[in-house]
Amino acid sequence: MKKLAILGSTGSIGNSTLSICESFPDRYQVVSLAAGSNIDAAFAQCLRWRPKAISMATEELASTLAARLKAEGVTGIEVLHGSAGSVRVATLPEVDFVVSAIVGVAGLEATYAAVCAGKTIGLANKECLVAAGELIIAAARENNVALLPIDSEHNAVHQCMRGGTPTEVKQIWLTASGGPFRNTPLADFEHITPAQALKHPTWVMGQRITIDSATMMNKGFEVIEACRLFNLPPAQVRTTIHPQSTVHSLVEFIDGSILAQISVTDMRLPILYALAYPERVASSLTFDLAALSQLDFSQPDLARFPCLRLAYEAAETGGKACIALNAADEIAVAAFLEGHIPFLGIPRTIEAVLQLTSGPRPASIGEVLEADLAARQCAREVIASQSSAILR
Ligand code: NAD
Ligand code: MG
């Protein structure tokens with residue numbers, strides 16, 4: 001029986017993880033949960049899973065949840081809050097596997113603490129590896145901790161890597177659907193609305209990652225994530241547009257063989273793979289090979305997707321550039337969703353913030369979070385100056 005902490009339990013990945021726990025009750029036990037602000041979902045999860053502890057984003061939310069549980073006559077659930085709460089949820093002694101699926105750097109401290117506490121990690125939160133990959137990987141090595149990728153591309157690469165040794169790998173190929181604007185004329189990019197950008201052609205996901213898929217920043221983050229997870233330089237992490245999202249990624253070996261992983265477009269499969277690793281577990285997530293008629297692959301157009309170019313540049317620089325890339329993107333995506341900047345304002349903001357970013361590599365998670373805050377502030381200032389320039 002694996003004992004799980006699920007960070008981000010009320011989100012898309014969190015819910016898919018709980019659905020796996022529902023399907024395999026004698027393999028996985030839910031010990032603790034961390035959620036953001038969705039009280040109703042957190043309350044329902046407490047009733048269903050009776051975790052030992054749950055953490056909410058703020059003290060106020062935690063008190064509201066605690067009061068509702070008390071009114072329902074539910075006892076024995078420790079209700080925590082904030083970063084410290086997520087850290088406690090992730091490091092409880094009885095937990096042996098932590099699913100890291102809080103969105104953004106809000107999940108960083110808990111993920112790092114779980115690694116340092118020697119827990120096995122199922123890693124969905126890519127922002128952690130983008131902002132603090134160097135520190136997290138070093139801590140994982142030091143504590144002999146397995147970081148099992150849940151992000152579908154990295155999960156596919158992890159599976160294909162079992163076909164050879166690291167020195168036999170020539171390069172890896174991360175597939176990208178190309179998002180909803182793969183074929184949109186460049187001239188129309190300036191007028192893309194949030195509603196259009198929120199319609200992903202193949203995956204149903206949280207809002208931030210859906211917009212990041214439309215700009216291809218998601219693939220950019222995944223390039224950095226892959227460099228960290230598989231210890232490869234950016235030049236050996238290639239991207240290819242594959243609109244069917246059937247091949248989840250590929251590994252090319254030095255002898256010319258390319259191994260690809262194919263499965264249904266359903267995040268429960270990579271989650272199950274990570275939870276079950278190194279075993280494989282029988283599931284109903286089968287893929288109908290006979291229905292497969294076409295697989296297309298093409299080079300991404302960096303003029304159409306400047307975010308991908310910015311991510312490769314940040315991957316080369318490392319340190320604060322990656323932190324700024326993620327922080328500026330988070331602020332810019334929120335500003336786009338609120339209608340403050342146009343779609344192309346997202347890469348413009350990030351590029352401006354990257355140009356204003358310099359300084360030594362952070363040596364601790366505290367320094368990463370400081371650099372993150374500074375980059376966010378810088379992004380807000382860039383957006384304010386862009387908006388006033390538009391108004392003038
Ligand atoms: P989501 O928005 O659906 O869920 C995010 C979760 O984080 C929610 O439970 C929310 O309550 C929680 N959260 C937010 N702020 C918090 C805070 N301050 N403290 C505690 N909890 C907080 O997002 P998602 O789509 O499930 O993605 C989660 C992570 O997994 C992201 O990093 C994303 O990039 C990555 N990922 C998602 C998918 C996918 O298919 N959804 C695929 C690959 C990677
Ligand atoms: Mg992915």
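Indexing begins at 1, ligand by ligand and atom by atom, following the structure's order. Since we're looking at a predicted model, the values are computed, not measured.
- Within ligand 1, counting atoms from 1 as listed, the ones closer than 4.0 Å to a heavy atom of Ser9 are 9 (O).
- Inspection of the Tyr273 and His158 side chains reveals an N or O donor paired with an N or O acceptor under 3.5 Å.
- A donor and an acceptor atom, one from each side chain of Arg50 and Gln45, are nowhere located under 3.5 Å apart.
- Annotation: atom 35 (C) of ligand 1 to nearest protein heavy atom, Ala124 O, 3.1 Å.
- With no hydrogens or angles considered, no side-chain donor-acceptor pair links Glu330 and Asn326 at under 3.5 Å.
- Per-residue contacts place Lys126 under 4.0 angstrom from the following atoms of ligand 1 (heavy atoms of the residue considered): 32 (O), 34 (O), 44 (C).
- Defined by atom type and a distance below 3.5 Å, a donor-acceptor pair is present between the side-chain atoms of Ser263 and Gln261.
- Between the side chains of Asn155 and Glu153, no donor-acceptor pair of N or O atoms lies under 3.5 Å.
- Looking at Glu153 and the Mg ion (ligand 2) together, the shortest N, O or S contact belongs to OE1.
- Remark: ligand 1 atoms within the under-4.0 Å shell around heavy atoms of Thr10 are 8 (C), 9 (O), 10 (C), 11 (O).
- The shortest contact between atom 27 (O) of ligand 1 and any protein heavy atom is with Ile13 CG1, 4.2 Å.
- Nearest to the Mg ion (ligand 2), among the N, O or S atoms that Glu222 has, is OE2.
- Within ligand 1, the atoms closer than 4.0 Å to a non-hydrogen atom of Ala106 are 17 (C), 18 (N), numbered from 1 in the order shown.
- Note that the CG atom of Leu229 and the CE atom of Met161 stand 9.5 Å from one another [nearest 0.5 Å].
- To the nearest 0.5 Å, atom CD1 of residue Ile241 and atom CZ of residue Arg304 are 9.0 Å apart.
- Near Asp151, the atoms of ligand 1 lying under 4.0 angstrom from a non-hydrogen atom of the residue are 43 (C), 44 (C).
- Under the 4.0 angstrom criterion for non-hydrogen atoms, Ile102 is in contact with ligand 1.
- Separating the CD1 atom in Ile172 from the CG atom in Leu174 is a distance of 5.0 Å, to the nearest 0.5 Å.
- In this structure, atom 28 (C) of ligand 1 lies nearest to the protein heavy atom Ala101 O, 3.3 Å.
- Here Phe305 and Phe181 keep their ring centres 6.0 angstrom or further from each other.
- Shown in contact with Gly11 at under 4.0 Å from a heavy atom are these atoms of ligand 1, numbered in order with element: 1 (P), 3 (O), 4 (O), 8 (C), 9 (O), 26 (O).
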Practice task
List the steps and the verdict of side-chain contact (heavy atoms from CB on, under 4.5 Å) for Gln244 and Thr265.
Solution key: CA-CA 9 Å; Gln244 292 87 8; Thr265 314; over 6 Å; no

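- Taking the N/O/S atoms of Asp151 in turn, the shortest distance to the Mg ion (ligand 2) belongs to OD1.
- Using modelled atom types, no side-chain atom of Thr349 and backbone atom of Ala379 make a donor-acceptor pair closer than 3.5 Å.
- Residue Ala35 approaches ligand 1 through these ligand atoms, each under 4.0 Å from one of its heavy atoms: 11 (O), 19 (N), 20 (C), 21 (N), 22 (C).
- Ranking the protein heavy atoms by distance from atom 5 (C) of ligand 1 puts Val103 CG1, 3.7 Å first.
- Nearest protein heavy-atom contact of atom 3 (O) of ligand 1 is Ser12 N, 2.9 Å.
- Considering only non-hydrogen atoms, atom 10 (C) of ligand 1 lies nearest to Gly36 out of Ser55, Ala34, Gly36.
- Atom 2 (O) of ligand 1 has its closest protein heavy atom at Gly206 CA, 4.0 Å.
- Scanning all protein heavy atoms for the shortest distance to atom 32 (O) of ligand 1 gives Glu127 OE1, 2.6 Å.
- Distance from atom 33 (C) of ligand 1 to its nearest protein heavy atom, with residue and atom name: Ile209 CD1, 3.9 Å.
- Not a single donor-acceptor pair under 3.5 Å links the side chain of Glu316 to the backbone N or O of Pro234.
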